Amino acid sequence: MTRKDSVWGKCTGRSGQRSRSLFKVFWAGEGHFLARQFHSVAVALLWVAGMLLPSEASAQQGADTLEAARTVFGFEQFMIQVLEQHPLALQAELQPEMGQAAVRKARGKFDPEALLDLASKYDDGTQYYRQSKGGLKIPTWFGAELLAAYEQNEGVYLNPENTVTGRGLYYAGVSVPLGRGLFIDERRAALRQAQLYEEGTVAERQLLLNDLLYNAGDAYWSWFKAYHAVAVYDTALALARQRLDAVRQAAALGDRPSIDTLEAGIQVQSRLLSRGQAGLDYANASAWLSVYLWDSGELPLELDVNTIPNGLEEVSAQPADPQLLSLLDALPLNHPALQLDQIKISQLYLNRRLMLEQFKPTIDLQYFALNTPTGSELLQDYAVDNYKFGLNVSVPLFMRQARGEVALANLKIDEASYRLTSKTAELGAKARMQLNTVDATQSLAEIYDRTVRDLGSLLAGERALFSGGESSLFLINAREMAFIGARVEQIELLVKNRKAALGAQYAFGVLGSDALGAP
């Protein structure tokens, strides 16, 4: 309007030729004016197209270009790598072997023993005595000990009770505890303790794997969130820089006020800060993820810069696993931590049973049949009247040690039972909370998916209005900030859902149990 009025003012009151000349001038000026307008519109259109390019065409192009150079490290692949290569996973596999070794050690107390006892004394050419005894002792599970031996003694000053005749003395018999130790003794208790320990090592292995895989999975999803947050801020920064370039060009042509370049520049600075923080979070998440990457449990690995997590289109929020719901009532029987506590209680009961044996008197009965061989026949002169018999009896009078140890064992059992009851309730509540969180975050993630789509539509509409001159830089920045914030929140909700699904498996103690299921 201003350019047109000034041209017509110059044409007033002039001759026809001059008017025709100025008429040409007017059309030339008007053509220049229209060209300027078309140029401004073209710049605006290119700018709007440029804002759309990073999220659509150029983003896809860049993704296709980088895809060939990048390697996707999926969640399942990562968890299998941890399960097979991490030192703690390999350590967990040693637990059952340790239990088997402990049982083997305890069974060694029941191994037969070969006995040999030699003693002799010579002084001033005189043989005082020479004693030799050898045999085999066999412990049994029911407490008795079997003994078979041969004894040959001689000498001038030999103790009369050790005197044997002929070819020596053979004897075989049994030693039986009739009081304390008849039903259980330290040897049998040690074997049963080792067997309980072996059962505990299976639960200990599962507990170690459960903790390891939960921590590793949590690190993966933090890395996943940090990576995709960086991608969002990269796109936002690219949009802000393109807008700044477009606003500068428009301001240079006089189509936009110069103050808009300041606002666009502030947006670039703000998104640079957000991108810097997101980059720091991603670097830290990558470093922490590398903690769980090993080769054969000996060589630590470092995450390659071209390794990326699953794409957003490959991961979706999921509901609670119905199989976990079926395990809720059987949690005390299946959770490795509760199994360990139950095994510890069983060990305490076994220890109390051993302590109760102290209230019984010690009554050890021994009987050995004796035989002196004649000639080449070992049993020719055997008679039932040839035997050795023994009976040992002892009874503590006040039983203070036994009473104290049993009372202490009862207190330890009560303490462990209370702890088990409390832990069972706590783990059950945590399991329910994780299942509730999985379902809730899935619903929220679905709502946020729609929110992000709607904010994207609003942003596209605002860009169209801006290209037609019907919106402002402030409004389009506000729309973009709302869209970026919603996009980041969408990623956070998705990760929260996946972490909750992982936490549910952890709360039930099933991570790494049979087959690795990706939550």
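Residue indices begin at 1 and follow the sequence shown. In this text, all values refer to a predicted model and were calculated from it rather than measured experimentally.
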Just by modelled atom types, is the [Y] backbone N or O under 3.5 Å from a matching donor or acceptor in the [X] side chain?
X	Y	result
S326	Q323	yes
R498	S316	yes
N334	A330	yes
Q339	P332	no
T424	L420	yes

Listed once per pair and sorted, the ring-ring contact (aromatic ring centres under 6.0 Å, His included) pairs that draw on residues 321-354, sequence neighbours left out: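 Every pair satisfying ring-ring contact (aromatic ring centres under 6.0 Å, His included) with a residue in residues 321-354: there are none.
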
Pair listing, ring-ring contact (aromatic ring centres under 6.0 Å, His included) test, anchored in residues 227-277, at least two apart: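 ring-ring contact (aromatic ring centres under 6.0 Å, His included) check on residues 227-277 returns F224-H228, Y227-Y282.
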
Partner residues of F110 under the ring-ring contact (aromatic ring centres under 6.0 Å, His included) criterion, sequence neighbours left out: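 So F110 forms a ring-ring contact (aromatic ring centres under 6.0 Å, His included) with W141.
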
Sequence-distant partners of Y214, ring-ring contact (aromatic ring centres under 6.0 Å, His included), two or more places apart: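 With sequence neighbours excluded, Y214 shows a ring-ring contact (aromatic ring centres under 6.0 Å, His included) to Y506, given in chain and number order.
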
Considering only distance and modelled atom types, tabulate donor-acceptor pairs under 3.5 Å from the side chains of residues 404-412, sequence neighbours left out.
unit_1, atom_1, unit_2, atom_2, d
E405, OE1, Q358, NE2, 2.5
E405, OE2, Q401, NE2, 3.3
N410, OD1, R352, NH1, 2.8
N410, ND2, V406, O, 3.3

Sorted by first residue and then second, give each salt bridge (Lys or Arg N to Asp or Glu O under 4.0 Å) pair with at least one member in [range]; sequence neighbours left out.
range	value
residues 209-236	D218-K499, D234-R275
residues 338-347	D341-K423
residues 278-300	none

Residues which pass side chain to side chain contact (heavy atoms under 4.5 Å, CB included) with S290, listed by chain and number, not counting sequence neighbours: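 Expected list: E302, L303.
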
For A194 against A106, the heavy-atom pair lying closest together: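 Taking A194 first and A106 second, the nearest heavy atoms are CB-CB, 3.7 Å.
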
Shortest non-hydrogen separation from I308 to R70 and the atoms involved: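 The answer is CG2-CD, 3.7 Å.
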
Pairs satisfying side chain to side chain donor-acceptor pair (under 3.5 Å), at least one member in residues 78-107, at least two apart: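 Every pair satisfying side chain to side chain donor-acceptor pair (under 3.5 Å) with a residue in residues 78-107: E93-R205.
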
Pairs meeting criterion side chain to side chain donor-acceptor pair (under 3.5 Å) with involvement of residues 433-450, two or more places apart: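 Qualifying pairs: T441-N497, D449-Q490.
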
side-chain hydrogen bond (donor to acceptor under 3.5 Å, both in side chains) partners of E357, counting only residues at least two apart: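 So E357 forms a side-chain hydrogen bond (donor to acceptor under 3.5 Å, both in side chains) with K360.
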
S286-W223 side chain donor-acceptor pair, cut-off 3.5 Å: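 A donor-acceptor contact under 3.5 Å links the two side chains.
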
